Amino acid sequence: MTDERWAWGWGLANVDAAGNTLDVWYPKLEMGDAKPSAPAAAHGFGTLVHDGPDARGVRRVPVFTAVDVDAPIADAADAYLRLHLLSMRLVRPNSMNLDGIFGALNNVVWTNYGPFAVEDFALRRLDVMNANAGAAMPGMHADVNVLAIDKFPRMLDYVVPSGVRIGDGDRVRLGAYLSEGTTVMHAGFVNFNAGTLGTCMIEGRVSQGVVVGDGSDVGGGASIMGTLSGGGRLRNSIGEHSLLGANAGIGISLGDNCVVEAGLYVTAGTKIELWDKEKAAAGVPLDVVKGAELSGKDNVMFIRNSLTGAVQARARKTGIALNDALHKN
Ligand SMILES: CC(C)(COP(=O)(O)OP(=O)(O)OC[C@H]1O[C@@H](n2cnc3c(N)ncnc32)[C@H](O)[C@@H]1OP(=O)(O)O)[C@@H](O)C(=O)NCCC(=O)NCCSC(=O)CCC(=O)O
Ligand SMILES: O=C(O)C1=N[C@H](C(=O)O)CCC1
Ligand SMILES: [Mg+2]
């Protein structure tokens, strides 16, 4: 036994004319504590493999990839393997080394004909349209629709996890980790290395590094601050049976059984009054703490008092209950 964590499998790579790997699809991956000496089986991609370029200028080649998930990312095939591990629920967010992921991934034009290189895209698009002209329907030209230009593709084109609903596939990147019973509505968003650890309703944005616990709800338009851009360093999370209200936001973590009022953004620096009924009734000033001091605490309701304008934290005894009917996926 070693304490190494290895993952491996056969992937089908799209490789552009310059030799750049645009993407790799791994239908199946395995994990173990040692590097496999050789693939256990043949790749099985059959006629999907073509060594010469297609009309996109892209070759499709099988690659056998084995990676130590605790080592930095080596290349695009490695990055794609780790993103698959997350979406296949083989590895939880924040438990793998993802150093170097943006450098390893190529920027790609994602289309209804698969990935294209950015270089000379207009000419490649013309080649594909000409190749298709009248092929099935005389006089008709099949358009190449550009869905995105990005380093990360949609999860659902690579991994379809069981027990989830996703209203709009564009809103969930490969590398999202969605547990059984999760529903992501159309305005929700889940980044890579982020997701849900149980049954959840996601109608807001779950940033890279953020995880949401069982029985919790991220309301419409809600935002959970991430760490990739904008200078924030705190990796935020939401515990179990908590509610981040519609259009609310957090730059701190929520523990279990918490609620953030709709429309309220609580940051680490927000000055918050600790609600105390007796003190308030007696006109005694309430204690004040910064948001960071309440980060991760259980049983807290955050509101902006509509009479005084102060943000307040009030004790809450129980967690929220999701609507079961929306999670029998
Ligand atoms: C913060 C809460 C939870 C508060 O709810 P309640 O008012 O029921 O709480 P309560 O404990 O019953 O309230 C106790 C007392 O506090 C008062 N109170 C409540 N909020 C207050 C405020 N901001 N300022 C001053 N007083 C307040 C109540 O009137 C009540 O007063 P009395 O004692 O005098 O009666 C709610 O307002 C909220 O924001 N819920 C979030 C719901 C949400 O966003 N769900 C996601 C849906 S997502 C969605 O719908 C998608 C749509 C979309 O995309 O936008
Ligand atoms: O899962 C659904 O469908 C949901 N529907 C609600 C709606 O249609 O308003 C919102 C939450 C999830
Ligand atoms: Mg509905």
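The figures that follow rest on heavy atoms only: side chains count, while hydrogens, waters and symmetry mates do not. Everything quoted here is computed from the prediction, not taken from an experiment. Order of appearance sets the numbers: ligands from 1, and atoms from 1 within every ligand.
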query = Can you tell if the side chain of K151 reaches within under 4.5 Å of the side chain of N106, non-hydrogen atoms only?
reply = no

key: Minimum side-chain heavy-atom gap H186-R171 below 4.5 Å   = no

query = Near W25 CH2, under 6.0 Å, is it more than 12 heavy atoms from other residues, nucleotides or ligands?
reply = no

query = Is the shortest side-chain N to carboxylate O distance from R173 to D150 below 4.0 Å?
reply = yes

task = Run the numbers for me: atoms of ligand 2, each under 4.0 Å from some heavy atom of M185, listed by number.
result = 1 (O), 2 (C), 3 (O), 4 (C), 5 (N), 12 (C)

ask   = Any idea which heavy atoms bring N193 and N94 closest together, and the distance?
value = OD1-N, 2.7 Å

query = Only one of V67, L90, L86, D70 forms a side chain to side chain contact (heavy atoms under 4.5 Å, CB included) with M96, so which one is it?
reply = L86

query = Quick one: which ligand 2 atoms are inside 4.0 Å of a heavy atom on T183?
reply = 1 (O)

ask   = Is any side-chain N of the basic residue among K279 and D287 closer than 4.0 Å to the acidic one's carboxylate O?
value = yes

Selected option - heavy-atom contact closest to atom 10 (C) of ligand 2, from E203, H186, M201 = E203

message = If you count every heavy atom of other residues, nucleotides or ligands that lies below 6.0 Å from E30 atom CD, does the total exceed 12?
response = yes

ask   = Quick check: does R165 get an N/O under 3.5 Å from an N/O on ligand 2?
value = yes

Show me the short polar-atom pairs for ligand 1: any N or O of it lying under 3.5 Å from a protein N or O, with distances only.
{"unit_1": "ligand 1", "atom_1": "23 (N)", "unit_2": "E261", "atom_2": "OE2", "d": "2.7"}
{"unit_1": "ligand 1", "atom_1": "23 (N)", "unit_2": "R304", "atom_2": "O", "d": "2.8"}
{"unit_1": "ligand 1", "atom_1": "24 (N)", "unit_2": "S306", "atom_2": "N", "d": "2.9"}
{"unit_1": "ligand 1", "atom_1": "24 (N)", "unit_2": "S306", "atom_2": "OG", "d": "3.2"}
{"unit_1": "ligand 1", "atom_1": "39 (O)", "unit_2": "A262", "atom_2": "N", "d": "2.8"}
{"unit_1": "ligand 1", "atom_1": "44 (O)", "unit_2": "A246", "atom_2": "N", "d": "2.7"}

